[in-house]
Amino acid sequence: MFHTTWGEIRRAQPDEAEAIRALVRRAYAKWVISVGIEPKPMRADYVRALAEHEIWAIDGLYGCIALIELRPEPDHLLIVNVAVDPGHQGRGLGRRLLDFAEREAQRRSLTELRLYTNIRMSENRALYASRGYQETHHEQRGEYTIVHMAKAIPAA
C-alpha cells in the first residue's frame, strides 16, 4: 500500500459499491450544469466496476474520501475515474492518486497512462495537461464529447 497523510491507498472491496457511488455522485455534482447532464461516472454501475476494474481508495475519518478507478490494458493503464469528495478537494488527493497510477503503470511495465474526460470539464483538462497528459483525440459518445489524453511513463 502507498502511504499518504490521509491514510493508505487501498484496494476497494466489493461491499463498498454504494459508498463509492455516493462519493462519485458528490464529486461530480458540480459538473452537471456545465456538462448539461450527469457526467458518465455518476451513472456508472459500481458493483460491476468493482468486479471488472481496480478501484483504489483513500479513507478519511468517516470512510472513503477519494478514489481512482484503473483498467489495465495490454499496452497501457487506463484511468477510468478519479473522484475526490468536495470537502477534501484542493488538498492534493487527486494528485496523489495520479502519482499512484503512474507507479502502478511502471510496476506493471506499462509505458503509457491514458484517461478521458468530458470536453466541458476544463479544470480537469488543465490539471491533466499540467501533469504531462496530452490530448490525443476527441470522440462523440452519445450526448458526451470525450477528450482522450495520454502520458508516456518511463520504465522503472
Side-chain angles (χ1 to χ4, degrees), residues 1-2 4 6-60 62-91 93-105 108 110 112-129 131 133 135-151:
M1 290 190 179
F2 176 72
T4 71
W6 295 96
E8 295 180 353
I9 295 177
R10 62 165 181 85
R11 184 80 180 258
Q13 300 302 307
D15 65 351
E16 295 181 275
E18 184 53 36
I20 288 169
R21 187 186 76 76
L23 166 64
V24 170
R25 290 191 63 77
R26 289 191 307 275
Y28 282 84
K30 69 179 185 179
W31 295 109
V32 172
I33 292 172
S34 62
V35 172
I37 56 174
E38 287 187 344
K40 288 187 74 125
M42 293 178 79
R43 298 176 172 189
D45 175 348
Y46 287 98
V47 171
R48 183 175 177 185
L50 281 158
E52 295 179 358
H53 304 158
E54 298 176 9
I55 297 181
W56 297 86
I58 298 175
D59 292 329
Y62 304 104
C64 181
I65 58 171
L67 64 82
I68 191 165
E69 182 178 348
L70 304 174
R71 188 176 80 206
E73 298 289 343
D75 63 343
H76 67 277
L77 187 59
L78 177 66
I79 299 171
V80 177
N81 185 8
V82 179
V84 178
D85 186 271
H88 295 279
Q89 290 176 3
R91 299 180 184 179
L93 295 174
R95 287 176 176 84
R96 286 188 176 128
L97 289 166
L98 291 172
D99 290 343
F100 173 80
E102 288 184 27
R103 282 189 287 282
E104 277 298 296
R108 299 164 195 237
L110 297 170
E112 188 176 53
L113 273 172
R114 295 182 191 171
L115 58 82
Y116 51 87
T117 189
N118 190 288
I119 197 165
R120 294 185 179 164
M121 294 182 175
S122 54
E123 290 173 35
N124 291 358
R125 291 169 67 192
L127 170 66
Y128 296 136
R131 300 277 311 198
Y133 289 82
E135 293 188 12
T136 59
H137 63 285
H138 294 188
E139 173 188 5
Q140 194 66 39
R141 289 190 189 170
E143 54 229 309
Y144 302 99
T145 303
I146 305 300
V147 178
H148 291 264
M149 303 179 83
K151 179 179 182 176

Legend entry - side chain to side chain contact (heavy atoms under 4.5 Å, CB included) evaluation trace for Tyr133 with Thr117: CA-CA 12 Å; Tyr133 289 82; Thr117 189; over 6 Å; no

Legend entry - Pairing residues for Asp15 by the salt bridge (Lys or Arg N to Asp or Glu O under 4.0 Å) criterion, not counting sequence neighbours: none

Legend entry - Nearest heavy-atom neighbours spanning Tyr28 and Ala83: CE1-CB, 4.1 Å

Legend entry - Any residue meeting salt bridge (Lys or Arg N to Asp or Glu O under 4.0 Å) with Arg21, in chain and number order, not counting sequence neighbours: Glu18

Legend entry - Pairwise distance CD1(Ile146) to CG(Leu115) - rounded to 0.5 angstrom: 11.0 Å

Inset, instruction - For the pair Met121 and Tyr128, evaluate side chain to side chain contact (heavy atoms under 4.5 Å, CB included) and give the outcome as yes or no after the intermediate values. - result: CA-CA 11 Å; Met121 294 182 175; Tyr128 296 136; over 6 Å; no

Inset, instruction - Please assess Leu127 against Arg95 for the test side chain to side chain contact (heavy atoms under 4.5 Å, CB included), listing each intermediate value before the final yes or no. - result: CA-CA 9 Å; Leu127 170 66; Arg95 287 176 176 84; 3.3 Å; yes

Inset, instruction - Please identify each residue that fulfils side-chain contact (heavy atoms from CB on, under 4.5 Å) with Ala105, with sequence neighbours left out. - result: Leu77, Leu110, Leu113, Ile153

Legend entry - Shortest non-hydrogen contact from Glu112 toward Ala150: OE2-CB, 3.4 Å

Legend entry - salt bridge (Lys or Arg N to Asp or Glu O under 4.0 Å) pairs, two or more places apart, involving residues 72-82: Arg71-Glu73, Asp75-Arg114

Legend entry - Partner residues of Thr145 under the side-chain contact (heavy atoms from CB on, under 4.5 Å) criterion, sequence neighbours left out: Ile119, Gln140

Legend entry - Closest contact, heavy atoms only, Leu50 versus Ala12: CD2-CB, 3.8 Å

Inset, instruction - Could you pull out the closest heavy-atom pair between Arg108 and Glu104, with the gap in Å? - result: NH2-OE1, 2.7 Å

Inset, instruction - Grab the two heavy atoms, one from Ala49 and one from Glu69, that are nearest each other, plus how far apart they are. - result: CB-OE2, 3.5 Å

Legend entry - salt bridge (Lys or Arg N to Asp or Glu O under 4.0 Å) against Lys151, all qualifying residues, sequence neighbours excluded: Glu102

Legend entry - side chain to side chain donor-acceptor pair (under 3.5 Å) partners of Tyr46, counting only residues at least two apart: Asn81

Legend entry - pair Leu67-Val24: side-chain heavy atoms closer than 4.5 Å: yes

Inset, instruction - Identify, with sequence neighbours excluded, every residue that meets salt bridge (Lys or Arg N to Asp or Glu O under 4.0 Å) alongside Glu16. - result: Arg10

Legend entry - Note: Asp99-Arg131 ion pair, threshold 4.0 Å (strictly below): yes

Legend entry - Sequence-distant partners of Glu139, side chain to side chain donor-acceptor pair (under 3.5 Å), two or more places apart: Arg141, His148

Legend entry - Heavy-atom closest pair, residues Ala101 and Ile68: CB-CD1, 3.8 Å

Inset, instruction - Output all residues satisfying side chain to side chain donor-acceptor pair (under 3.5 Å) with Tyr144, sequence neighbours left out; order by chain, then residue number. - result: Arg43

Legend entry - side chain to side chain donor-acceptor pair (under 3.5 Å) against Glu38, all qualifying residues, sequence neighbours excluded: Arg25

Inset, instruction - Evaluate side chain to side chain contact (heavy atoms under 4.5 Å, CB included) for Leu98 paired with Ile79, printing each intermediate quantity in order. - result: CA-CA 9 Å; Leu98 291 172; Ile79 299 171; 3.8 Å; yes

Inset, instruction - For the residue pair Pro39 and Asn118, establish whether any side-chain heavy-atom pair is separated by less than 4.5 Å. - result: no

Inset, instruction - Give, for atom CD1 of Ile65 and atom CD1 of Ile58, the distance between the pair rounded to the nearest 0.5 Å. - result: 6.5 Å

Legend entry - Rounded distance (nearest 0.5 Å) linking atom CG of Leu97 with atom CH2 of Trp56: 11.5 Å

